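Reviewing the structure listed below.
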Amino acid sequence: SKGGYDYFMLKEIHEQPTAIRETLLRRLDENGKIKLDDIKLTKEDLEKITKVYIVACGTAYNAGLIGRYAIEKFAQIPVEPDIASEFRYREPFIDQNTLLIVISQSGETLDTLAAIREAKRKGARILSITNVVGSSVARESDDVFYTWAGPEVAVASTKAYTTQITALYMIALDLALTKGTITEEFYFDTINKMKELPEKVERILENAEDIKKIAEDIKDSQSAFYLGRGLDYQTAMEGALKLKEISYIHTEAFAAGELKHGTIALIEDGTPVIAIAGQESLYEKMLSNIQEVKARGAYVISIAKESKKEIEAQSDRVIYVPDVDDILAPVLTAVPTQLIAYYTSLIKGNDVDKPRNLAKSVTVE
Ligand code: M6R
């Protein structure tokens with residue numbers, strides 16, 4: 001049941017603190033170390049791995065983009081993310097030293113399954129992240145990480161996404177410690193910071209209803225844009241997918257640095273631009289990109305860390321998230337994007353949980 005919420009999507013958005021907590025805490029042992037029971041990759045296995053692909057569709061792919069950053073940064077292994085429907089047909093280079101990380105909430109997405117089969121045939125090792133115990137993806141993989149998000153009913157994926165990112169951070173930390181590319185101090189420090197994420201998400205959700213005002217402002221727009229740099233760009237891609245799939249507003253994400261290479265031509269008076277500024281290291285660059293779109297008349301909604309109040313001067317509206325390390329910021333900045341999509345769809349009178357033309361699980365090509 002919807003537990004008192006109007007739609008499953010809103011319920012699932014609000015379940016994220018619990019879902020993230022469960023995903024994390026169920027895999028910490030008595031010493032606070034990550035224990036990946038169903039992942040049997042040894043140090044020797046890892047040393048052989050020369051290539052990592054992350055393969056998935058839709059929101060799960062967007063989570064994989066965040067995972068790429070974490071694995072490259074922590075474990076210093078090059079990672080190539082790919083969309084399952086592309087990966088399976090492009091004859092990617094795969095051998096026995098390839099690790100394929102597959103992400104699928106349902107564990108039943110046809111293209112994702114086909115990618116597993118193709119990679120397996122060529123000798124790759126398959127590590128999957130899925131939310132459904134005993135799903136096809138889980139059964140066909142060598143190693144499995146279950147996200148403990150609980151059933152996700154709404155077509156628009158929310159708690160699956162933030163728990164997939166949590167899973168990817170844990171896998172990245174575990175791989176990195178095994179490989180010796182991070183110190184124990186960094187490892188435990190990051191886990192401790194991750195433990196604070198559920199409470200930080202809770203704080204964003206306390207002000208969820210404020211986002212209704214933003215939904216009112218953008219609901220009649222023909223198009224909207226999400227803009228970000230680095231990990232914020234990946235969050236922008238997920239935010240854009242969410243908004244388009246349930247509000248039916250044409251939404252695109254773009255890397256802020258690409259503005260001058262074409263996209264800025266689309267900015268007119270009043271065009272909504274949702275600017276994600278959650279990366280400390282790229283903050284100043286984002287501010288100048290915000291100024292650029294503002295100067296062309298964009299209606300700017302910024303998503304920023306709460307210590308960054310000066311962003312108000314450049315923005316029409318600001319949604320704050322608690323301060324957090326850059327690498328973990330995607331878990332927080334995603335939440336306002338989910339709420340923007342939810343309230344816009346709701347105000348437009350759409351069927352939020354069952355958007356037109358879409359199915360929860362895509363088991364056909
Ligand atoms: O079950 P899966 O994670 O394999 O599903 C992948 C996509 O179909 C899914 O994430 C889709 O993009 C969602 N509707 C996005 O909200």
Side-chain angles (χ1 to χ4, degrees), residues 7-13 15-16 19 23 53-67 81-88 100-117 119 126-141 144-168 226 234-249 251 253 330 334-335 337-342 344-345 350-365:
Y7 283 97
F8 279 109
M9 184 182 175
L10 190 62
K11 174 174 179 263
E12 289 160 6
I13 289 172
E15 282 170 350
Q16 289 179 111
T23 300
Y53 290 106
I54 301 184
V55 175
C57 302
T59 287
Y61 169 74
N62 291 337
L65 297 175
I66 312 278
D82 205 355
I83 294 166
S85 56
E86 290 295 318
F87 181 83
R88 61 180 287 202
L100 187 77
I101 300 180
V102 170
I103 312 170
S104 177
Q105 186 285 129
S106 63
E108 303 298 342
T109 301
L110 183 92
D111 280 320
T112 307
L113 268 169
I116 293 182
R117 289 170 189 159
I126 318 287
L127 189 171
S128 64
I129 300 172
T130 180
N131 197 35
V132 179
V133 176
S135 58
S136 306
V137 163
R139 283 186 278 110
E140 297 196 24
S141 302
V144 186
F145 186 116
Y146 288 112
T147 45
W148 290 103
E152 192 183 65
V153 177
V155 164
S157 183
T158 54
K159 60 177 181 172
Y161 174 74
T162 46
T163 55
Q164 284 157 359
I165 298 174
T166 304
L168 286 158
Y226 262 99
Q234 320 301 346
T235 308
M237 290 177 68
E238 173 55 12
L241 174 59
K242 214 92 302 175
L243 185 59
K244 76 179 75 158
E245 84 173 318
I246 60 170
S247 78
Y248 315 145
I249 295 172
T251 314
V335 179
T337 72
Q338 298 166 347
L339 291 164
I340 291 170
Y342 174 78
T344 308
S345 175
N350 298 347
D351 186 345
V352 179
D353 286 340
K354 288 194 176 62
R356 69 187 184 203
N357 310 339
L358 289 168
K360 179 64 181 163
S361 171
V362 185
T363 53
V364 291
E365 234 188 296

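Order of appearance sets the numbers: ligands from 1, and atoms from 1 within every ligand. As the structure is a prediction and not an experimental result, all values here were calculated from the model.
Atoms of ligand 1 found under 4.0 Å from any heavy atom of Thr109, numbered from 1 in the order shown, are 1 (O), 2 (P), 4 (O), 5 (O). Numbered from 1 in the order shown, with element, the atoms of ligand 1 that lie under 4.0 Å from a heavy atom of Thr59 read 10 (O), 12 (O), 15 (C), 16 (O). Which parts of ligand 1 touch Gly58 is read off a 4.0 Å heavy-atom cut-off, strictly below it: atoms 12 (O). Per-residue contacts place Ala156 under 4.0 angstrom from the following atoms of ligand 1 (heavy atoms of the residue considered): 16 (O). Close contacts of ligand 1 with Ala60, meaning ligand atoms under 4.0 Å from a residue heavy atom, involve 3 (O), 10 (O).
The shortest N or O to N or O distance between Lys360 and ligand 1 is not under 3.5 Å. Ligand 1 has a nitrogen or oxygen under 3.5 angstrom from a nitrogen or oxygen of Ser104. By the 3.5 Å distance cut-off applied to N or O atoms, Val155 is counted among the residues near ligand 1.
Glu12 contributes a side-chain N or O that, together with a main-chain N or O of Ala154, makes up a donor-acceptor pair within less than 3.5 Å. Listed for the Glu152 side chain is a donor-acceptor partner under 3.5 Å among the backbone atoms of Ala160. Judged by distance alone, with hydrogens and angles left aside, the side-chain atoms of Asp353 form a donor-acceptor pair with the main-chain N or O of Met9 at under 3.5 Å. A donor-acceptor contact shorter than 3.5 Å is absent between the side chain of Thr147 and the backbone of Ala149.
Heavy atoms of Glu245 found under 4.0 angstrom from ligand 1 belong exclusively to the side chain. Under 4.0 Å from ligand 1, the heavy atoms of Lys242 that appear belong solely to its side chain.
Residues Ile66 and Leu168 fail the side-chain proximity criterion, which asks for heavy atoms closer than 4.5 Å. At least one side-chain heavy atom of Ile340 sits less than 4.5 Å from a side-chain heavy atom of Tyr226. Side-chain contact check for Thr59 versus Glu238: some heavy-atom pair is nearer than 4.5 Å.
When Asp111, Thr112, Asp82 are each tested for a side-chain hydrogen bond (donor to acceptor under 3.5 Å, both in side chains) with Arg88, only one passes: Asp111.
Nearest protein neighbour of atom 1 (O) of ligand 1, counting heavy atoms only, is Ser106 OG, 2.6 Å. With respect to atom 3 (O) of ligand 1, the closest heavy atom belonging to the protein is Gln105 N, 2.6 Å. Nearest protein neighbour of atom 8 (O) of ligand 1, counting heavy atoms only, is Val362 CG2, 4.2 Å.
Ligand 1 has Cys57 within reach: a non-hydrogen atom of the residue lies less than 4.0 Å from it.
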query: Run the side chain to side chain contact (heavy atoms under 4.5 Å, CB included) check on Lys11 and Val153 step by step: do they pass?
result: CA-CA 10 Å; Lys11 174 174 179 263; Val153 177; over 6 Å; no
